[in-house]
Amino acid sequence: MSEEKHLNFIEEIIKEDLESGKYSSIVTRFPPEPNGYLHIGHAKSICLNFGLAQKFGGYTNLRFDDTNPVTEDVEYVDSIKEDIKWLGFQWQNELYASDYFNILYSFAVELIKKNLAYVDDLTPDEIAASKGTPTEPGKDSPNRNRSIEENLRLFEEMRDGKYGDGAKVLRAKIDMASMNMHMRDPIMYRIKKAAHHRTGDAWNIYPMYDFAHGQSDSIEKVTHSICTLEFIPHRELYDWFIDKLEIFPSHQYEFARLNLTYTVMSKRKLLQLVQDKYVESWDDPRMPTLSAMRRRGYTPEAIRDFCDRIGVAKRENLIDVGLLEFCVREHLNKVALRRMVVFDPLKVVITNYPDSMEVEMLTGEDNPEDAESDSREIPFGKELYIEQEDFMENPPKKYFRLFPGGMVRLKHAYIIKCEEVIKDENGNIKELHCTYIPESKSGSDTSGIHVKGTLHWVAVQNAVTAEIRLYDRLFKVENPGSEEGDFKDYINMDSLQIVKTVYAEPALKNAKFNERYQFLRKGYFTLDAKETYNRLVFNRTVTLKDTWAKESKKVQPIS
RNA sequence: UGAGCUAUGGUGUAACGGUAGCACUACUGAUUUUGGUUCAGUCAGUUAAGGUUCGAAUCCUUAUAGCUCAACCA
């Protein structure tokens, strides 16, 4: 693991910092704002930050960037913590930017005293107008040269609540002509007479991101402060505050955020999907949030593996969701319990099977990939269900499922031969009459017969019923965000398919939450923690790879 | 079009002036009591043009393309 040959550019930097003796160990942080749910993009950042500390020695803080009381809530704090723990990471310290409000205030006073900050009375519009444009310099505020004393007094009054929201701000005195718009006297503090979820009504003023983030990093002695590309223009300011305040020099590094095909990642768009009822909730299994993926049956191992495989770099990327699905399948293949479930039943009667009273029990391994795994008993019977799609009256070439006169093996059971197709008065297939070959029993097959197809099945008498929910991609296009018009125009309206009644082998009666199942030949499923009360509801985590689907399209293209 | 960041197979990511590699996808074939898994293999790439150098994906110049920046959001 630690012998990884290729380091990403951040690991490269850390390695050099450690070798040069700049640091003896590292400190990173994951800094969410508690105003929404974590998604797979956050997982990339979490895996990066926590992974770096694990790999190079050091620790990671969880710090909530809670400097805007009007958008934040403890509800989000709790869900964020749950998601990080679920992913398998443990933070060293649980911290809040709001813990630093006092010291941040004193930092501001210090800058005023150094004549590097001033109180401005301009309105938001006026400030915006005087900022200039990227091609034209801005203009100094008329309040820019207030005396230090006056600034001190005014700032104190802002804190004490003497002015209303928006009446005044504290600005850094830097350069209104800077090429970097963020250096044109950025706002450090604004008045917000709002209750904060942690500090209550203690404050009338709150620091802006730029005045809180770097200093919080510094206070925590964060060595490598890692964020996404859009913060590159903020770095100059980040460094400026640290430099003027003469505090611990944390350094900011930026990487490209994760983009995934067939979904959207921005909080704004995800919120719209929920509000406009395109999905049920934030943890609707089609959402890219971690809570949704958990509910859908994705495993933390798979997500970590995915984050590992996608790498870390500075170029924009759009990663094929197929890679995520690959990671999920790869892990699930190793841990999922195999079970048989018929989605769309076709009755099969074994005409030569004895009408005995006792039920014949067969044995099926829980997981052929895991030698340690257990097995379960499966009842057989004279009447069975197989899948409608596993029988064809007029099969195409290369079809090796059941057809009139054809033979298949029933998984863990016997080879059967289709003798007769029974139809109703409308000509629809009602049931199949088959014969079985007694000496072909699984595990003790002396029949000498070899068949190409093996089908899953369920004994009618012992079947338990369940509901399943099949999920498809939420969008019809790879990159809905970059498409013309509204991203919502590209929503796949068939992304959820509910099958009210499927027939499962009895072992599934005792299905457990957090247990993963592979419904043989159908896909990976897990019990829905939200919908399962006194009935069984399974979510399809991901399908199995289906080469036959591709093949059959080639053989007889369907419109 | 000011400034900044970035350009390597279909996708993602390595190669740190010296053989363009790995993974996913796609496609072959073998194995298989899951058309799954596993195994073997195939296709496929340095944005362009100049320059430096014995040698350039890598350094320089120019061009082109994409992304970002003017919230009292983070």
Side-chain angles (χ1 to χ4, degrees), chain A residues 5-8 12 31-33 35-36 65-68 70-72 97 120 122-124 127-129 131-138 165-171 178-182 184 187-192 205-206 208-210 212-213 227-236 254 256 261 267 309-320 322-327 329-330 333-334 338 340 364 368-369 398-401 408-413 415 440 442-443 445 450-456 478 482 518-523 543-552:
Chain A
K5 270 202 88 175
H6 306 302
L7 301 180
N8 65 50
E12 210 66 69
E33 183 187 13
N35 72 344
D65 235 336
D66 56 347
T67 58
N68 187 359
V70 303
T71 59
E72 297 155 7
D120 200 350
L122 258 32
T123 64
I127 288 180
K131 270 231 159 139
T133 69
T135 51
E136 299 162 60
D165 285 14
K168 284 181 170 38
V169 290
L170 182 71
R171 292 230 255 170
S178 173
M179 293 291 192
N180 184 347
M181 297 297 286
H182 293 270
R184 323 249 262 224
I187 292 167
M188 295 161 60
Y189 267 94
R190 78 287 213 187
I191 298 169
K192 262 186 207 284
I205 56 172
Y206 291 93
M208 297 284 290
Y209 165 85
D210 285 303
H213 202 98
C227 59
T228 46
L229 253 28
E230 63 269 28
F231 288 95
I232 288 176
H234 295 253
R235 189 175 61 227
E236 193 179 355
E254 310 87 7
T261 55
K267 215 172 269 179
R309 286 169 185 265
I310 59 178
V312 176
K314 297 189 78 157
R315 64 188 94 105
E316 295 287 335
N317 58 74
L318 178 60
I319 291 169
D320 190 340
L323 180 62
L324 211 209
E325 292 170 346
F326 165 81
C327 294
R329 285 191 190 103
E330 187 170 63
N333 179 46
K334 295 198 189 88
R338 313 291 131 126
M340 295 197 288
E369 303 297 314
K398 291 200 213 170
Y399 184 86
F400 44 85
R401 275 114 103 142
V408 292
R409 172 170 292 282
L410 296 177
K411 181 74 178 176
H412 302 307
I415 291 173
S440 68
S442 232
D445 185 351
H450 292 280
V451 293
K452 289 276 273 192
T454 301
L455 309 184
H456 63 280
E478 279 203 335
S482 73
Q518 184 197 99
F519 292 176
L520 241 52
R521 307 205 299 136
K522 284 299 188 178
T543 59
L544 254 28
K545 240 177 84 182
D546 191 353
T547 39
W548 168 243
K550 275 183 248 175
E551 187 65 33
S552 60

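In what follows, every chain begins at residue 1, and chains take the letters A, B, ... in the order their sequences are listed. Quantities reported herein were computed from a predicted structural model and do not represent experimental measurements. Atoms considered below: every heavy atom in the structure, side chains included; atoms not considered: hydrogens, waters and symmetry mates.
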Using a 4.0 Å heavy-atom cut-off, does A:Leu122 contact any base of the nucleic acid, only the sugar-phosphate backbone, or nothing at all? base
Nucleotide forming a Watson-Crick or wobble pair with B:U32, both distances under 3.5 Å: none
Residue A:His6, side-chain atoms from C-beta onward, closest of B:C73, B:C24, B:A15: B:A15
Looking for any heavy atom pair under 4.0 Å, which part of the strands does A:Tyr206 touch: base, sugar-phosphate only, or nothing? nothing
So what does A:Glu254 hit on the nucleic acid, given a heavy-atom distance under 4.0 Å: a base, only sugar-phosphate, or nothing? nothing
Taking OP1 and OP2 of B:A71, is either one under 4.0 Å from a side-chain nitrogen or oxygen of A:Arg190? no
Looking only at side-chain N and O atoms, does A:Lys192 come under 4.0 Å of OP1 or OP2 in B:C73? yes
Examine the base of B:C16 for any acceptor or donor lying under 3.5 Å from a partner atom in the side chain of A:Glu12, and report the outcome as yes or no. yes
Residue A:Tyr399, side-chain heavy atoms: nucleotide from B:A70, B:G35, B:C73 that is nearest: B:G35
Going by purine N1 to pyrimidine N3 plus the second Watson-Crick contact, or the G-U wobble pair, all under 3.5 Å, which nucleotide sits opposite B:C5? B:G66
Any donor-acceptor N/O pair, A:Asp65 side chain to A:Ala97 backbone, under 3.5 Å: no
Side-chain heavy-atom pair A:Ile319, A:Leu324 within 4.5 angstrom cut-off: no
Under 3.5 Å, is there an N or O donor on one side and an acceptor on the other linking the side chain of A:Gln518 and the base of B:U34? yes
From the list B:C72, B:C73, B:G35, which nucleotide is the closest neighbour of the side chain of A:Asp546? B:G35
Answer yes or no: side-chain N or O of A:Thr135 and base N or O of B:U1 forming a donor-acceptor pair under 3.5 Å. no
Pairing partner (Watson-Crick or G-U wobble, both distances under 3.5 angstrom) of B:C59: B:G51
Counting any heavy atom closer than 4.0 Å, what does A:Leu318 reach on the DNA or RNA strands: base, sugar-phosphate only, or nothing? sugar-phosphate
To the nearest 0.5 angstrom, please state how far the CD1 atom of A:Ile205 sits from the CG atom of A:Asp165. 12.0 Å
A:Leu7 CG to B:U13 C1', straight-line distance once rounded to whole Å: 13 Å
Looking only at N and O atoms, is any donor in the side chain of A:Arg409 or the base of B:U33 less than 3.5 Å from an acceptor on the other one? yes
Rounded to the nearest 0.5 Å, how far apart are OG1 of A:Thr543 and CZ of A:Arg329? 4.5 Å
May I ask you to say what A:Val312 touches in the nucleic acid, namely base, sugar-phosphate or nothing, with a heavy-atom cut-off under 4.0 Å? sugar-phosphate
Nearest 0.5 Å please: distance from the CD atom of A:Gln518 over to the CD atom of A:Glu369. 8.5 Å
When the C1' atoms of B:A7 and B:A74 are considered, how many whole Å apart are they? 28 Å
When you check the phosphate oxygens OP1 and OP2 of B:U11, does a side-chain N or O of A:Thr261 lie under 4.0 Å from one of them? no
Given the C1' atoms of B:U58 and B:U1, what is the spacing between them in whole Å? 31 Å
Can you find a donor-acceptor pair, distance only, under 3.5 Å between A:Arg338 side chain and B:U34 base? yes
Please work out if A:Arg401 contacts a base, only the sugar-phosphate, or nothing of the nucleic acid, heavy-atom cut-off 4.0 Å. base
For A:His213, which contact category applies under a 4.0 Å heavy-atom criterion: base, sugar-phosphate, or nothing? nothing
Closest approach to the side chain of A:Arg315, judged atom by atom: which nucleotide of B:G36, B:C72, B:A14 is it? B:A14
So A:Glu33 and A:Thr67, do their side chains get closer than 4.5 Å, heavy atoms only? no
As its Watson-Crick or G-U partner within any shown strand, both distances under 3.5 Å, B:U11 has B:A23
With respect to the side chain of A:Asn8, which nucleotide from B:A14, B:G35, B:A23 is positioned closest? B:A14
Over all strands shown, is A:Pro368 touching base, sugar-phosphate only, or nothing at heavy-atom distances under 4.0 angstrom? base
When A:Ala313 and A:Ala128 are each assigned the nearest nucleotide of RNA chain B, the 5'-most assignment goes to A:Ala313
Report the base-pairing partner of B:C43 (Watson-Crick or G-U wobble, both distances below 3.5 angstrom), or none. none
Per atom distances to the A:Thr454 side chain, the nearest of B:U33, B:U37, B:A74 is B:U33
Determine the contact category for A:His456: base if any of its heavy atoms lies under 4.0 Å from a base atom, sugar-phosphate if only primed atoms, P, OP1 or OP2 are that close, otherwise nothing. nothing
Taking the nucleotide of RNA chain B with the nearest heavy atom to each, does A:Gly322 or A:Ala413 sit closer to the 5' end? A:Gly322
Quick one: does A:Met208's side chain get under 4.5 Å of A:Leu170's, heavy atoms only? no
Can you tell me the base-pairing partner of B:A71? Count Watson-Crick or G-U wobble geometry only, both distances below 3.5 Å, and say none if there is no partner. none
Consider the side chain of A:Asn333, meaning its heavy atoms from C-beta on, and name the nucleotide among B:G36, B:A26, B:U25 that approaches it most closely. B:G36
Report which part of the nucleic acid A:Asp65 touches: base, sugar-phosphate, or nothing (heavy-atom distance under 4.0 Å, all strands). sugar-phosphate
Minimum-distance nucleotide to A:Met181 side chain [options: B:C24, B:C72, B:A70]: B:A70
Within this structure, what is the NE2-to-P distance between A:His182 and B:C72, rounded to whole angstrom? 11 Å
On a whole-Å scale, what distance lies between the C1' atoms belonging to B:G35 and B:A14? 35 Å
I'd like to check A:Pro233 versus A:Met181 (side-chain heavy atoms, cut-off strictly below 4.5 Å). Are they in contact? no
Which part of the nucleic acid does A:Glu33 contact within heavy-atom distance under 4.0 Å: base, sugar-phosphate only, or nothing? sugar-phosphate
Can a donor-acceptor pair under 3.5 Å be found between the side-chain atoms of A:Arg521 and the base atoms of B:G35? no
Counting heavy atoms from C-beta on, name the nucleotide in B:G36, B:A74, B:A3 closest to the side chain of A:Met179. B:A3
Do the ring planes of A:Tyr209 and A:His234 sit parallel (below 30°), tilted (30 to 60°) or perpendicular (above 60°)? perpendicular
P atoms of B:G2 and B:G18, separation to the nearest Å: 38 Å
Of the options B:U34, B:G35, B:C73, whose atoms approach the side-chain atoms of A:Thr547 most closely? B:G35
Stacking between A:Trp548 and B:G35, defined as ring centres under 5.5 angstrom apart with planes under 30°, is that present or not? yes
Determine: side-chain N/O of A:Lys550 to OP1/OP2 of B:A26, distance under 4.0 Å, yes or no. yes
